[in-house]
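Fair warning: this is a prediction, and the values are worked out from it, not measured in the lab.
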Amino acid sequence: MQVTAIYQGSEIGYGEGSSAVYAIEECLESIESIYIDTDLASIELIFSDVGGSTYPKHAMATDFYYREREYF
């Protein structure tokens, strides 16, 4: 799965992995702290290669940021 973080129409982060959880965490880790500290609620995550998973095509970063990390 591939996950891209979008802020005001620009790509600010990216993650890729065989599991959705790993890709999401890698994407969130790749976002510069200035975006996290100032406007986390405006960051959208776009999911590619969703396949048969239960993940949507897009979600807000706040849906995943505060969850307990498994990899990072």
Check whether any side-chain N or O of Glu16 sits under 3.5 Å from a backbone N or O of Gln2 as a donor-acceptor pair, and report yes or no.
no
Shortest non-hydrogen contact between [X] and [Y], atoms and distance:
{"X": "Ala61", "Y": "Leu28", "result": "CB-CD2, 4.2 Å"}
{"X": "Ala59", "Y": "Pro56", "result": "CB-CG, 4.2 Å"}
{"X": "Arg69", "Y": "Glu29", "result": "NE-OE2, 4.2 Å"}
{"X": "Ile31", "Y": "Gly13", "result": "CG1-CA, 4.3 Å"}
{"X": "Ala41", "Y": "Thr62", "result": "CA-CG2, 3.8 Å"}
{"X": "Ala23", "Y": "Gly17", "result": "CB-N, 3.7 Å"}

Quick one: CD1 on Ile43 to CG on Asp63, what's the gap to the nearest 0.5 Å?
12.0 Å
Can you measure from OG (Ser19) to CD1 (Ile24) and round to the nearest 0.5 angstrom?
8.5 Å
Contacts of Ser42 that satisfy side-chain hydrogen bond (donor to acceptor under 3.5 Å, both in side chains) - sequence neighbours left out
Asp39
With Glu44 via side-chain hydrogen bond (donor to acceptor under 3.5 Å, both in side chains) - residues at least two apart
His58
Set of residues satisfying side chain to side chain contact (heavy atoms under 4.5 Å, CB included) with respect to [X], sequence neighbours excluded:
{"X": "Arg67", "result": "Phe64"}
{"X": "Gln8", "result": "none"}
{"X": "Ile6", "result": "Thr4, Glu11, Ile46"}

Counting only heavy atoms from other residues, nucleotides and ligands, does the tally under 6.0 Å from OH of Tyr65 exceed 12?
no
Pairs satisfying ring-ring contact (aromatic ring centres under 6.0 Å, His included), at least one member in residues 10-29, at least two apart
Tyr22-Tyr71, Tyr22-Phe72
Are Ile36 and Tyr66 connected, step by step, through hydrophobic side chains (Ile, Leu, Val, Met, Phe, Trp, Tyr) whose heavy atoms are closer than 4.5 Å?
yes
